[in-house]
Amino acid sequence: MSEALINRLVEFAESGNQQKIVSGGQSYQGWIMEITEDALMISTGFADKSGKDFWLNFDDLQQAELYYWDNRQDQWMAFQL
């Protein structure tokens, strides 16, 4: 994947307190834990026993809605790739 896209995903991962990705009728809310050459991992839940990790391919993210939690405004803010 392009370096520009990876840099935008790093910026997304560092935005806000949490991230939310809505893709293919599924919503994933949590923290971006890893970014590879072709996917990212988002960790959901608050504890190891209840949380799950999901790998999302960059191709899927092109059609996804991305949000981050803005503590100052106390709301989800849209993020554009």
Side-chain angles (χ1 to χ4, degrees):
M1 213 28 73
S2 76
E3 186 175 334
L5 177 59
I6 291 173
N7 288 338
R8 283 296 285 163
L9 288 170
V10 168
E11 187 178 333
F12 173 58
E14 294 174 345
S15 296
N17 185 38
Q18 285 190 38
Q19 292 76 37
K20 180 166 55 170
I21 300 170
V22 180
S23 177
Q26 291 283 0
S27 181
Y28 308 92
Q29 180 179 330
W31 301 268
I32 306 301
M33 302 302 287
E34 189 171 344
I35 299 173
T36 66
E37 293 285 325
D38 57 357
L40 66 74
M41 180 176 56
I42 185 166
S43 182
T44 65
F46 294 103
D48 289 338
K49 293 180 182 178
S50 66
K52 293 186 179 188
D53 296 338
F54 296 94
W55 283 99
L56 303 174
N57 291 324
F58 290 164
D59 291 338
D60 297 333
L61 294 178
Q62 297 293 338
Q63 305 301 320
E65 297 173 38
L66 307 178
Y67 302 93
Y68 65 92
W69 184 255
D70 187 329
N71 286 331
R72 287 178 286 209
Q73 297 187 39
D74 214 24
Q75 66 181 354
W76 289 106
M77 302 296 290
F79 186 91
Q80 299 298 319
L81 286 179

Handout entry: L40 with V22, same ILVMFWY side-chain cluster at under 4.5 Å
Key =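 Different hydrophobic clusters.
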
Side chains of [X] and [Y] in contact at under 4.5 Å (non-hydrogen atoms):
{"X": "I35", "Y": "M41", "answer": "no"}
{"X": "I32", "Y": "I21", "answer": "yes"}
{"X": "D59", "Y": "D38", "answer": "no"}
{"X": "S27", "Y": "K20", "answer": "yes"}

Using atom types as modelled, flag every donor-acceptor pair under 3.5 Å from a side chain in residues 71-81 to any protein atom, sequence neighbours excluded.
from: N71; atom 1: OD1; to: W69; atom 2: NE1; distance (Å): 3.2
from: Q73; atom 1: OE1; to: Q75; atom 2: NE2; distance (Å): 3.0

Exercise for the section: Given side chain to side chain contact (heavy atoms under 4.5 Å, CB included), test L9 with L61 step by step and report yes or no. Expected result: CA-CA 10 Å; L9 288 170; L61 294 178; 4.1 Å; yes

Problem - Main-chain N/O of D53 paired with S43 side-chain donor or acceptor, under 3.5 Å - result: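 Between the backbone of D53 and the side chain of S43 there is no qualifying donor-acceptor contact (under 3.5 Å).
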
Practice task
Kindly say whether W31 contributes a backbone atom to a donor-acceptor pair with the side chain of Q18 at under 3.5 angstrom?
Solution key: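 Absent.
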
Practice task
Of all the heavy-atom pairs spanning Q29 and T44, show the shortest one and how long it is.
Solution key: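 Heavy-atom minimum between the residues: O-CG2, 3.2 Å.
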
Practice task
Kindly determine whether E65 and Y67 satisfy side chain to side chain donor-acceptor pair (under 3.5 Å), including the steps that lead there.
Solution key: CA-CA 7 Å; E65 297 173 38; Y67 302 93; 2.5 Å; yes

Exercise for the section: Could you list the residues that satisfy side-chain contact (heavy atoms from CB on, under 4.5 Å) with A39, not counting sequence neighbours? Expected result: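 Per chain and number, A39 pairs via side-chain contact (heavy atoms from CB on, under 4.5 Å) with T36, W55, N57.
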
Handout entry: Y68: ring-ring contact (aromatic ring centres under 6.0 Å, His included) partners, not counting sequence neighbours
Key =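 Applying ring-ring contact (aromatic ring centres under 6.0 Å, His included) to Y68 gives none.
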
Exercise for the section: Give, for atom OG of S2 and atom CZ of F58, the distance between the pair rounded to the nearest 0.5 Å. Expected result: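 Rounded to the nearest 0.5 Å, the OG-CZ separation comes out at 8.5 Å.
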
Handout entry: Spatial distance of atom CD (E3) from atom CD (E37) [nearest 0.5 Å]
Key =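 Here the interatomic distance stands at 9.5 Å.
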
